[in-house]
Amino acid sequence: MKKWDFYTSKEIKPQGWLRRQLSIQAKGLSGNLHKVWPDIRDSAWTGGNREGWERVPYWLDGFIPLAYLLDDADLISVAKKYIDAILSRQEADGWICPLKNNESRSRYDTWALQLILKTLTVYYECSADGRIPEVIYKALRNYYDLLKSGEISLFHWGKFRWFETFIAMNFIYGIYREEWIKDLAILLKEQGFDYGKAVKLWKTPLRIWRFETHIVNLTMMLKSEAVSHGLLGEEYTDNAEKLREILDRYNGTVFGGFTGDECLSGISPVQGTELCSVAEQMYSYEQLFAFTGDRKWAERLEVLAFNALPATISEDMWTHQYDQMVNQIACEKFFLKTPFGTNGPSAHLFGLEPNYGCCTANFSQGFPKLALSSFMHSGNTIINSVMLPCNLETDGITIELETDYPFENKMNYSVSAEKEFDFIIRIPSFAENLKVNGKNSETKDVEIHIKKGETKISVEFDAPVYLMQRPNNLFAVRRGSLIYSLPIPYRKRMREYTKNGVERKFPYCDYELIPTGKWNYGFCSDGFETKYNGVEYAPFSETRPPVTVTAKMQRINWGHRFMFPTVCAKVPKSRKPVSDKTEIELYPYGCAKLRMTEMPIIEE
């Protein structure tokens, strides 16, 4: 097991399509929440009277690396303003979380403490602010004293997310090396929930709300052994793979996430997947790859990042869904009943905070932390773990990667080195006909010993297009890390209103997406043609997708889900054609807001 270390935002700088995506994010909701959303603007974390629990820490966890990756002075000053306000309110004994009037610490769910400490760790990695280690140290020591004395205990979210504390604990232990940090690790695990005891609950949708089946808890949980085993002094067993396999078997999606709206909802392309779960599953996979070096986690990270994340956020990143569906033929508010397990009738609309506001704050971490996972290091070795257009400048070494991956499978590296080092380029398992500097290569990864001076490396490979088998004898088109969908044209219905003192107005109002085209298709051939169009300003453009796949298809009698005329049936009523064959251009899943993704093969 090889451990990799992350680089900081001072060393990694996004370029190309990734920088444009981060710029869109900064101009959208992530970069403006502190202006338009009372739970951030007027939060109790900074002395206001609005929510003082998870929303500011969630938002800062993504806003901070976004600001520093873009070197945006205005955004950096906002981040510092919030951090200064939070630090100024830390109490003498280390307690740092805002309490409501007459609320005792014993009744405070310390999930918010676990989260703010993780966020402060991120801030230190970006800013190198010398105040942060002592602040985290004092807060963790206070946490330990309170748990050890029995004055507080883990319950609710803190109990089910106990392992999140280890992001800050590993950081602090690396500085102070004090034994009480290991004792705190044991206390947290003893009081925290053991997800191995919940496996039976994952196999059949309960349609009732439970912490044990909550989709975000579970995607966070996947990294728990990786981040905690060191301080606990335990052997690593890859328990994440065992639990992920069970979750996937009974609740898996085509993009490698799980259905959960908001708790696990079974194998179905018409159940929802919460946006928070996508962001947290990406973070878990980033940590799993860093702690274990196991390449499967980086490859799974790609699929989530290039499909599920952009699919559930509008192109301008001003609105998002709470729940996305793999087969999503409309996003219109439900009435009387909702098809979602425990979520409301507007959870799939694009808006400011559809259903709940947690995703509004939390989705910001997705793309910035992906960028920070592009290059990692261990000793004298650097690995390009995810092939993203980035520049790395560190310790006399500069690596520039020019690429439009995953839309096109060509990478050009320019390396300038003042010293020798080993360089690894992780090649995905689906790659065929790998060429390095124009020559055929049979290696699994590209491994080159870089000498002083200038080095050029070109890498390219093919990724075959194929029909990926899905449950219920349905299929999806996949090419490399990209899933492809049949895009459904639509018109928007804009809804501006105020609720609980929160304005929804353009561009962060609610939108319903009402289909204006046919969606009831199946595949009538396994032959496909790929067309590369080039990446526009918006990489996941709905109107000019960077790459498309043309498929031969026919319409069928699919049908709707019972009682829900805006949701297609889980499986089609018939697989017999009711139209002539036609060629249809499929878009990357992340570019198609209304889409059919899992479809049958037509019966001749």
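Nothing fancy with the numbering, it's 1 onward along the sequence.
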Do [X] and [Y] make a side-chain contact, defined as non-hydrogen atoms from C-beta onward lying under 4.5 Å apart?
X      : Y      : answer
Lys593 : Gln324 : no
Tyr511 : Arg495 : no
Ser30  : Leu66  : yes

Please confirm whether Lys159 makes a cation-pi placement over Phe193, using NZ or CZ under 6.0 Å from the six-membered ring centre and within 45° of the ring normal.
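Judged by the rule, Lys159 and Phe193 form no cation-pi pair.
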Set of side-chain hydrogen bond (donor to acceptor under 3.5 Å, both in side chains) partners for [X], sequence neighbours left out:
X      : answer
Arg478 : none
Ser265 : Thr259, Asp261
Gln21  : none

Contacts of Ser77 that satisfy side chain to side chain contact (heavy atoms under 4.5 Å, CB included) - sequence neighbours left out:
none
Which residues pass the side chain to side chain contact (heavy atoms under 4.5 Å, CB included) test with Phe171, not counting sequence neighbours?
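If we apply the side chain to side chain contact (heavy atoms under 4.5 Å, CB included) test to Phe171, skipping adjacent residues, the hits are Thr121, Tyr124, Pro133, Ile136, Ile175.
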Does either side chain, that of Trp297 or that of Gln287, offer a donor lying less than 3.5 Å from an acceptor on the other one?
no
Does one side chain, of Glu262 or Tyr322, offer a donor that lies under 3.5 Å from an acceptor on the other?
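Judged by distance alone, the side chains do pair up.
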Return each pair, listed once, that meets ring pair (Phe, Tyr, Trp, His ring centres under 6.0 Å) where at least one residue sits in residues 476-507; pairs must be two or more places apart or across chains.
none
